[in-house]
Every structure is written in structure tokens, then in C-alpha cells.
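Worksheet: the structure to be examined is printed underneath.
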Protein chains: 2
Amino acid sequence: MAASSKMIILSILSIEDNYGYQILESLKTFTEGFWEWKEGMLYPMLHKMEKDQLLKSYWTETLSGKKRKYYHITNIGTKALETEKTEWEFVNQTLSKLWRIHHASQQ
Amino acid sequence: MAASSKMIILSILSIEDNYGYQILESLKTFTEGFWEWKEGMLYPMLHKMEKDQLLKSYWTETLSGKKRKYYHITNIGTKALETEKTEWEFVNQTLSKLWRIHHASQQ
DNA sequence: TTATCTTACCTAGTTTACCTATGTATGTCA
DNA sequence: TGACATACATAGGTAAACTAGGTAAGATAA
């Protein structure tokens with residue numbers, strides 16, 4: 001399940017900049033509650049992805065004074081997403097083919 | 001890429017019983033050489049999956065005297081495959097939706 | 001006004017997964 | 001008889017995934 005987390009993060013950030021806590025909320029809402037990450041899972045990933053230069057972060061402050069760390073996808077990140085997308089689709093096709101064979105053999 | 005390996009193994013074995021070395025060959029042929037696992041990757045996985053009762057193994061001998069360890073998917077394994085399949089499709093749909101949003105926002 | 005909830009971040013450390021490297025043994029073919 | 005293919009295996013390092021816990025400030029309700 002979490003194997004795809006990097007791709008999910010990149011995909012979300014390719015739509016618009018976002019911050020950790022909101023990413024968690026977005027994903028929960030977006031999947032109608034089916035998918036929920038823990039904070040301790042997400043933050044280390046974001047840090048790693050920034051270290052790998054897939055993301056860049058910047059701090060902002062809301063009117064009420066809350067600090068948020070926004071993440072922005074870099075060019076490297078965009079390319080990485082494209083690569084992962086291609087791989088995902090390849091695996092997906094391989095699985096689909098296998099399932100079709102299985103299904104056919106059960107007839 | 002390897003995150004889906006458990007599902008691939010279960011999918012292959014749900015078609016018919018197979019042994020380690022042949023699974024490697026099948027996958028290579030099936031993906032036209034794009035996907036190649038090392039033996040050191042596969043065997044420990046098979047052992048783990050047998051320990052988890054997803055698979056059961058039995059030894060056979062070819063006419064020429066070569067010993068092969070065949071794996072058979074158990075009922076637990078079949079159920080696990082169904083579960084993973086559902087999850088995979090869920091993640092796949094989530095990703096597709098995200099990609100559609102991204103694509104739309106780039107217009 | 002103080003307790004609780006929500007928002008928002010973080011790290012330490014364990015467990016598990018992944019993968020490389022390496023080893024053994026037998027059969028096949030040039 | 002040396003090289004290649006078949007067929008299994010494990011040890012051990014690295015990286016990923018996840019749990020558990022911590023801080024702090026704003027919002028809300030008693």
C-alpha cells in the first residue's frame with residue numbers, strides 16, 4: 001500500500017504546492033476515508049524527497065500566526081513522477097495480463 | 001517496482017503451480033525482457049510466503065534427475081491475492097484521478 | 001480560564017523488505 | 001573438460017516503512 005506513497009505525494013504536489021498536514025487531509029478526503037497516513041509516515045518521506053531534490057520547501061505564516069511548511073515539486077521531481085508513472089503503468093499492464101490469463105484458465 | 005512482487009508471484013501461481021527458476025524465466029519472457037528478478041530476490045520471498053501459508057511447496061524430479069521445488073497457492077494465498085488486487089485497483093484509481101486533475105489543471 | 005481538541009511540525013528507533021553477493025550441485029553441450 | 005544453463009540456497013547490508021512519542025500554538029467549549 002505504502003509502496004506507492006512517493007508517487008502519491010509527487011502527484012498531489014504536481015497539482016499545486018501543499019504542506020504536510022494538508023496532504024494528509026487531502027488524501028483522506030480524496031479517498032473518502034479509505035486511505036489514511038500517519039504523520040510519522042509522511043514527514044520523514046517529505047524530508048527524504050527534499051534531500052533527493054524532488055521537492056523544495058518554504059515556510060509561510062497564516063493570518064492567525066500558524067506556520068506551515070509548503071512543498072513544491074522540482075523539475076527533477078516532475079521527471080521522477082513521469083518515470084514512476086511509466087513503471088506503474090507497465091506493472092499494471094503486466095498484472096492485468098496475468099489476471100486475464102488466470103480468469104481464462106478458470107473457464 | 002519490486003513492491004508488487006508478492007502480487008506477481010501470487011498471480012503467476014494462481015494460473016498454475018510453478019517452481020522458482022521457472023517463475024524467473026516466465027516473468028522475463030512475459031514482460032519481453034523488461035522485468036528481470038534476481039534469484040536472491042525471489043527465493044527468500046517464496047520462503048517467506050510459504051511460512052505465511054500463502055504457498056505450499058513440494059519436490060519433484062525430472063526424467064534427467066533435476067530436482068525442482070514446486071509451489072502451489074493455498075486458499076489463504078488466493079484470498080490474499082483477492083485482497084491485494086482490490087487494494088491495487090483502489091490505488092490505481094486514486095492515482096488515475098490525481099493524474100486527471102493534474103492534466104486538467106495544465107490546460 | 002483552563003481543559004481539550006485541532007492544527008502543524010518533528011525525531012528516534014524498530015521492524016520489515018529489498019537486494020547484492022555469493023555459494024552449492026547437477027546436467028548439457030561444444 | 002571447461003563453460004554454460006538449470007536449480008536451489010543463505011548471509012548480510014542498506015533502505016524503506018511504520019510505530020510511538022514529543023513539542024507547540026491556536027481554537028473551542030465548559
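Order of the sequence lines sets the chain letters (A, B, ...), proteins ahead of strands, with each chain counted from 1.
Across residues 11-24 of chain B, not one residue has a non-hydrogen atom less than 4.0 Å from an atom of DNA chain C. Within residues 60-81 of chain A, the residues having any heavy atom closer than 4.0 Å to DNA chain C are, in order of number, A:Lys66, A:Lys67, A:Arg68, A:Lys69.
Here the CG-CG distance, from A:Leu54 to A:Asn75, works out to 11.5 Å after rounding to the nearest 0.5 Å. In this structure, the separation between CG on B:Leu81 and CD1 on B:Ile73 is 5.5 Å, given to the nearest 0.5 Å.
Closest to the B:Lys48 side chain, of the nucleotides C:dC10, D:dA17, C:dA17, is C:dA17.
Using a 4.5 Å heavy-atom threshold, the side chains of A:Leu42 and A:Ile9 count as touching. Taking the side chain as every heavy atom from C-beta outward, A:Ile8 and A:Trp35 approach each other to under 4.5 Å. Between B:Leu10 and B:Thr78 the shortest side-chain heavy-atom distance does not fall below 4.5 Å.
A:Glu25 comes within contact range of no nucleotide atom at all, as no heavy-atom separation falls under 4.0 Å.
Rounded to whole Å, the distance from CH2 on A:Trp59 to C1' on D:dA24 is 12 Å. What separates NZ of A:Lys28 from C1' of C:dA8 is a distance of 14 Å, to the nearest Å. Following rounding to the nearest Å, A:Leu46 (CG) and C:dA8 (P) show an atom-to-atom distance of 14 Å. The CE atom of A:Met7 sits 11 Å away from the P atom of D:dA17 (whole-angstrom rounding). Across the protein-nucleic acid pair, B:Met41 atom CE and C:dT22 atom C1' stand 17 Å apart, rounded to whole Å. In this structure, NZ of B:Lys6 is placed 13 Å from P of C:dT16, rounded to the nearest angstrom. Rounded to whole angstrom, the span from the CH2 atom of B:Trp37 across to the C1' atom of C:dC19 amounts to 13 Å. Between B:Met45 atom CE and C:dT16 atom P the separation is 16 Å, expressed in whole Å.
With a 6.0 Å radius and a threshold of 12 heavy atoms from other residues, nucleotides or ligands, B:Glu25 has its CD atom above the threshold. Other residues, nucleotides and ligands place no more than 12 heavy atoms under 6.0 Å from the NE2 atom of B:His103. By the neighbour-count criterion of 12 heavy atoms within 6.0 Å, atom CD of A:Glu89 is densely surrounded, having more than that number from other residues, nucleotides or ligands. Under a cut-off of 6.0 angstrom, the local environment of NZ in B:Lys85 is crowded, with over 12 non-hydrogen atoms contributed by other residues, nucleotides or ligands.
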Contacts under 3.5 angstrom, residues 91-98 of chain B side chains, donor-acceptor by atom type, not counting sequence neighbours:
from, atom 1, to, atom 2, distance (Å)
B:Asn92, OD1, A:Trp88, NE1, 2.7
B:Thr94, OG1, B:Phe90, O, 2.9
B:Ser96, OG, B:Asn92, O, 2.8

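Between the side chain of A:Glu50 and the backbone N or O of A:Ser57 there is at least one donor-acceptor pair closer than 3.5 Å.
A donor N or O paired with an acceptor N or O is found under 3.5 Å between the base of D:dC8 and the side-chain atoms of B:Glu39.
Judged as a side chain to side chain donor-acceptor pair (under 3.5 Å), the pairs with a partner in residues 60-69 of chain A (not counting sequence neighbours) are, in order, A:Tyr19-A:Arg68, A:Thr62-A:Ser64.
OP1 or OP2 of D:dT10 lies within a sub-4.0 Å distance of a side-chain N or O belonging to B:His47. At C:dC9, one or more side-chain N or O atoms of A:Tyr43 fall inside 4.0 Å of OP1 or OP2 (strictly under the cut-off).
Each end of the helix from C:dT1-D:dA30 to C:dA30-D:dT1 gets its own rotation axis from five pairs of C1' atoms, and the angle between them is 10° to the nearest 10 degrees.
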Give each protein N/O atom lying under 3.5 Å from an N/O atom of nucleotides 11-13 of chain D, with the pair distance.
none

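Minimum interatomic distance between A:Trp37 and A:Ser5 (heavy atoms only, all atoms of both residues): CZ2-CB, 3.4 Å. Contact detail for B:Ser11 and B:Ser14: the closest heavy-atom pair is O-OG, 2.8 Å.
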